2 protein chains.
Amino acid sequence: MGGDYGPQETVAGAVAAVTEGKGRVAVLLVGDAEAVQPELERHNLQGLPIKFIPSEGVILDSESPMQAFRAKPKASAIVGVGMIKEGYADAFVTMGSTGAAMAASALLLGMMEGIERPALGGPIIGLAPKTVFIEIGSSIDCRPSQLLDFAALGVAFSRTYLEVSDPRVGILSVGAEEGKGNRQTKEAFPLFQASGLNFVGNVEGHDLCGDRVDVIVCDGFVGNILLKAFESLGEGLSRYADAAAVGRDVYNMLNRIEYTGGGPLFGVRGNVIVGHGRASSTGISQAVITAARLSETNLAGQMEEELTALRARIAG
Amino acid sequence: MGGDYGPQETVAGAVAAVTEGKGRVAVLLVGDAEAVQPELERHNLQGLPIKFIPSEGVILDSESPMQAFRAKPKASAIVGVGMIKEGYADAFVTMGSTGAAMAASALLLGMMEGIERPALGGPIIGLAPKTVFIEIGSSIDCRPSQLLDFAALGVAFSRTYLEVSDPRVGILSVGAEEGKGNRQTKEAFPLFQASGLNFVGNVEGHDLCGDRVDVIVCDGFVGNILLKAFESLGEGLSRYADAAAVGRDVYNMLNRIEYTGGGPLFGVRGNVIVGHGRASSTGISQAVITAARLSETNLAGQMEEELTALRARIAG
């Protein structure tokens, strides 16, 4: 139901995903029958592993997720995440409200120990496709210990999903030295040093496209501003470039999420992918393939193991 | 003395500036005699309004400016800023230590009332050459009232230097609504609403290259990360673009400071321009021309008037 072009692009994306991921991906499409059925009829689904699961109502971005949760207990996000909880699905993909996906995930699947709310992260710059940024919008005014948890989650993602063998972790700050930064990053620095993670110290804006760091940890306030700034620059630059092909290249160099379709919620006990509201069927198909990969590599399990190991090292 | 290529590029930049700004710009070059004199001898200075003022020693980026101030009382930054204080110069331009320029300016010229330390700001994206970012690195963990002062300084800069008639002010945050942001921006919002400034609300990363806002206010922590991130992207993208000319264009689209040579210290009672350490003679020449313009338009005086007016509106 979600996304600016749902369910039209969502259904087309599902068809593309099962076709591309033949034998690997089956899709359960969750949504209002009167909106989804007409879209399903536009495709030839014969022999394709696509099933329709009816839900009632949608939780919008403008709603308080917790209130909507009570008012619309059969909303698509709740039914969709519920499919994981009940064992019918391995992963949930949504282009709808991030808040709704977060609330449904936290309540139905549960959070990993010590994690308060789902975190958002992943590569956000096409020029640096293996550099993970965490957090990028769900956690604002973080405590230093939360930043350290994000580091562990990011390390698990980098190792499991991006196949980086010993991910280097940096704190995003305004100078390389330990004494540089704001209160939050200065307090986080010694925690990172004592964490047993492969901590390379503070990194700066200069390091974002270099090869100094694999996991860049920041408060969601900073990460979200950066994420949106890169999107804005990508759009601005691609308008500027005369040849459309070059423009598209430049755009992709800056916008990784568009390219990969979406990113997982970190810290949730299950695989939930939140995509871009503006995603087309191609982006949605990518997000479904991404979800399959997360499930196959047991990302959530790897993240929980990394967190547990971190806590043991700190306690020891 | 300062800058990665000083004094060679600095002297060449001074020659370029007085040649380009004929009749408008005269330059006093401050530095160690044994370093500067050989460079002066490489140029034909006959008839050019360039004079050499000897100083002793340099305050380095790695030093504590306040300690260096006592240890090297004749250092180039101190002698240079002193030329303004003594009425021999209208503006001071440096490619050297920002900390040294800030300390010398604060101590010798004094700060505007209620401003604790010099602030850094200006356009930082070539795609948005009239969009002022303030603060971008000198003030970290700002109080909301400091953000409001920055807004007034940025408005004066936008109106006086960029000739925007009624500059629109926004707070950089993670959502357009008043309730979105971190503690700092949420507390700042009502202060901005009551300020009498042309406040358009929160702006996001998406708005950086658009036409919604003229003065973007943020904590120096966020501003500095953005500034360096844009530089990093510009370098990364221009390496990616195959044609060198396109690469240079893309680089300039992202790096405004390189293009304009440097930015003024805001809140100081005098015109002090801090340039990029890596600036070439072209960048240095631009910075000198910028300094002349700041002096001609009486930017510092306009800033102080804007601050006084702001305080009167708030008190009233």
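In this text, all values refer to a predicted model and were calculated from it rather than measured experimentally. Naming: A, B, ... by sequence-line order, numbering from 1 per chain.
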Trainee: Which region of T185(B), side chain (C-beta onward) or backbone (N, CA, C, O), has a non-hydrogen atom less than 4.5 Å from a non-hydrogen atom of chain A, or is it both or neither?
Mentor: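 T185(B) touches chain A through side-chain heavy atoms alone.
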Trainee: For the residue pair H206(B) and R278(A), what are the closest heavy atoms and their distance?
Mentor: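 Minimum heavy-atom separation between H206(B) and R278(A): NE2-NH2, 4.3 Å.
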Trainee: To the nearest 0.5 Å, what is the distance between CZ (F230(B)) and CG (L226(A))?
Mentor: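 Nearest 0.5 Å value for the CZ-CG distance: 7.5 Å.
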Trainee: Please give me the minimum heavy-atom distance between G205(B) and S232(A), naming the atom from each residue.
Mentor: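 Minimum heavy-atom contact is O-CB, 3.3 Å.
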Trainee: Could you tell me the separation between the CG atom of L208(A) and the CD atom of E231(B), rounded to the nearest 0.5 Å?
Mentor: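 Here the interatomic distance stands at 11.5 Å.
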Trainee: Side chain from CB out, backbone as N, CA, C, O: work out which of these in V174(B) comes under 4.5 Å of a heavy atom of chain A, or both, or neither.
Mentor: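 For V174(B), the contact with chain A is made by backbone and side chain together.
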Trainee: Just so I know, are the side chains of I225(A) and L172(B) near enough to count as touching, which here means a heavy-atom distance under 4.5 Å?
Mentor: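 Heavy-atom side-chain distance check passes, below 4.5 Å.
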Trainee: Just give me the residue among N224(B), I140(B), D141(B) that pairs up with chain A most often, heavy atom to heavy atom, under 4.5 Å.
Mentor: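 Ranked by heavy-atom pairs under 4.5 Å with chain A, first place is D141(B).
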Trainee: Can you name the nearest heavy-atom pair linking L233(B) to C209(A), along with the distance?
Mentor: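 So the minimum-distance heavy-atom pair works out to CD2-SG, 3.5 Å.
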